[in-house]
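Letters A, B, ... are given to chains in the order of the sequence lines, protein chains preceding strands, and every chain is numbered from 1. Reckoned from all heavy atoms, side chains included, excluding hydrogens, waters and symmetry mates.
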Protein chains: 4
Amino acid sequence: MMNRVILVGRLTKDPELRYTPNGVAVASFTLAVNRAFTNQQGEREADFINCVVWRRPAENVANFLKKGSLAGVDGRVQTRSYEGQDGKRVYVTEVMAESVQFLEPKGQNQNADRGEGYTPRPNGGQDNPFGNQNQRQPQPQRNTRLDEDPFAGGGQIDISDDDLPF
Amino acid sequence: MMNRVILVGRLTKDPELRYTPNGVAVASFTLAVNRAFTNQQGEREADFINCVVWRRPAENVANFLKKGSLAGVDGRVQTRSYEGQDGKRVYVTEVMAESVQFLEPKGQNQNADRGEGYTPRPNGGQDNPFGNQNQRQPQPQRNTRLDEDPFAGGGQIDISDDDLPF
Amino acid sequence: MMNRVILVGRLTKDPELRYTPNGVAVASFTLAVNRAFTNQQGEREADFINCVVWRRPAENVANFLKKGSLAGVDGRVQTRSYEGQDGKRVYVTEVMAESVQFLEPKGQNQNADRGEGYTPRPNGGQDNPFGNQNQRQPQPQRNTRLDEDPFAGGGQIDISDDDLPF
Amino acid sequence: MMNRVILVGRLTKDPELRYTPNGVAVASFTLAVNRAFTNQQGEREADFINCVVWRRPAENVANFLKKGSLAGVDGRVQTRSYEGQDGKRVYVTEVMAESVQFLEPKGQNQNADRGEGYTPRPNGGQDNPFGNQNQRQPQPQRNTRLDEDPFAGGGQIDISDDDLPF
DNA sequence: TTTT
DNA sequence: TTTT
């Protein structure tokens, strides 16, 4: 079993940063990736690919990327489902970014993460290495918690700590 | 702009082979890719990733892969949208396979395509290199044309020759 | 069998453009890719990865990239060997770029190739779609033919039309 | 800066397992990856790609893979150089595997690593999470230490703990 | 024998 | 609504 995605494209909007009830950061953003070929009408289309990133790189994304930023993503394709507002199950395919690369020339901070994914430091046996008390954990800027689909917006909470990649 | 996906997983069902009105083959299948890590309940989950492949490799997929087959995909993440049955726009993220690799040990034919993607042979200037008259073009086994979403099933036609990768 | 490489880095020097005896363009360049992590001395190292690209994208690389340019490569790892000057066999591992992406902000031409690899146009049955007579085929700027290893420099001819990816 | 390689191929020989002076495991192996296309003589060639893997996955590779095994590698292209026996600098390009997938059908253990790379467990502040005293650390089967190039064989020590990926 |  |  292998699952690897690499994307380079531009953010369609500013990224959204949220926190799980346990205080773990999640950022979501959509990358517009222009296709390398034109369609039969001669137009160059783009794919709009939803991406999610957790923890420290999530905060870096929120701090350093904005609408229009050129960014590279190295991650995995992930699928989930949630209960839609009409009671129907909604299936979602998105990219779990393990690392995000800032490709804008102006920025001095050129790395959205610490490198080879995010290795949590030991925290004395707690399941979740970041608690709300953790001073390394910035508090949400806006009163935003993970009560809905980071992309679909209107749904119920469907990302929880269970989705943590480790 | 870069867009690359590599997957290795197992087909959840037999692939579905369809043809556009112009007689171009499209196969769709879902790959179950087990995650490399376990969730907080200690269970190993999987991602169920919808894949589409066109032309010759589509026919190879239909001929050589079935439910449970181990296969590798090299392709791109692609997004599209179509009008749902309730009039709402439905957004779809799937993998456009450029080549599909058969990883089952039993088969002697180990390649689902001719190699580096599919290079259409010249056909004297027609837009579509395969017409219904083309004897290299097998006719649909079942009376299946591309009148609906190959995955969602209930929608309107949303894959046409316009989606051809070249 | 699968083989896919994606790189984003900077050219260490201007690319070198050569032509096979049959007039097929080959460009070679080295990409410096900074590692995402620091070594035990706290220094950020880089990998210096030799890349080769054929035909039209080769000419685009030669025309649009130079020392220091930020570029993305999508291709395959390839190995070859040649007779070294001391009679010993020299083994070479390099990246065969199928497409090269220009990631510099200044350039308006943002694509080094036509997209999904290079699909040769039909040319009436010749083995090599480009002959020296082909007016679309620029002549070498310098009197450079493929008489040596594009990277090692001092060896014998070891890239020929046999290495063409199709 | 991005650097990602995915390979699926067969081991050309049994893997070699060595240990650094600090007791960190390193396995090296060569993957034969058949090309998806034939050359101008109609023969299907292969690329022979040297791979290196560290720590726990190294031991899994040594325990579960052998000559002829089908394996998938997800990693990075890495370059290094060392002093050759003739005093000349030798440049090496190889693949640093972050995870190795066992694709043989017979094996029950289907995973060469714990998943998303190898996250060392905390060990009380030592720089190197594995010491020779560590009972989880198997001793070398053969009296093999890292005194030479794992591939070139005749060179001087050129892999040390400095090359550890974290 | 290297890029920013 | 899923694979081994």
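- Considering only the side chain of C:R10, E:dT3 comes nearest among E:dT3, E:dT2, F:dT4.
- In this entry the distance linking CG of B:D14 with P of F:dT3 reads 12 Å, nearest Å.
- Summarising the geometry, the separation between CG on B:L7 and C1' on F:dT3 is reported as 13 Å, rounded to the nearest angstrom.
- Here the side chain of B:A46 is nearest to one of F:dT3, E:dT2, E:dT3, namely F:dT3.
- As rounded to whole Å, 12 Å separates atom C1' of F:dT2 from atom CD1 of B:I49.
- With sequence neighbours excluded, no residue forms a side-chain contact (heavy atoms from CB on, under 4.5 Å) with B:K13.
- Distance CG (C:N50) to P (E:dT3): 14 Å, rounded to an integer number of Å.
- Of the candidates E:dT2, F:dT4, F:dT2, F:dT4 carries the atom nearest the B:N34 side chain, counting heavy atoms from C-beta on.
- Every residue two or more places apart in sequence or in another chain that forms a side-chain contact (heavy atoms from CB on, under 4.5 Å) with B:T79 is listed here: A:D47, A:F48, A:I49, B:T93.
- In this structure, CD of A:E104 is placed 15 Å from C1' of E:dT4, rounded to the nearest angstrom.
- Atom CG of C:L65 is separated from atom P of E:dT2 by 21 Å (rounded to the nearest Å).
- No engagement by B:G9 is indicated, since no non-hydrogen atom pair under 4.0 Å with the nucleic acid exists.
- Following rounding to the nearest Å, B:F29 (CZ) and F:dT2 (C1') show an atom-to-atom distance of 14 Å.
- Straight-line distance from the CG atom of B:D47 to the P atom of F:dT2: 15 Å, rounded to whole Å.
- Put simply, the side chain of C:F29 does not reach to within 4.5 Å of the side chain of C:N50, judged on heavy atoms.
- Ion pairing of C:E45 with D:R80 is absent here, as no side-chain N (NZ or NE/NH1/NH2) approaches a carboxylate O to less than 4.0 Å.
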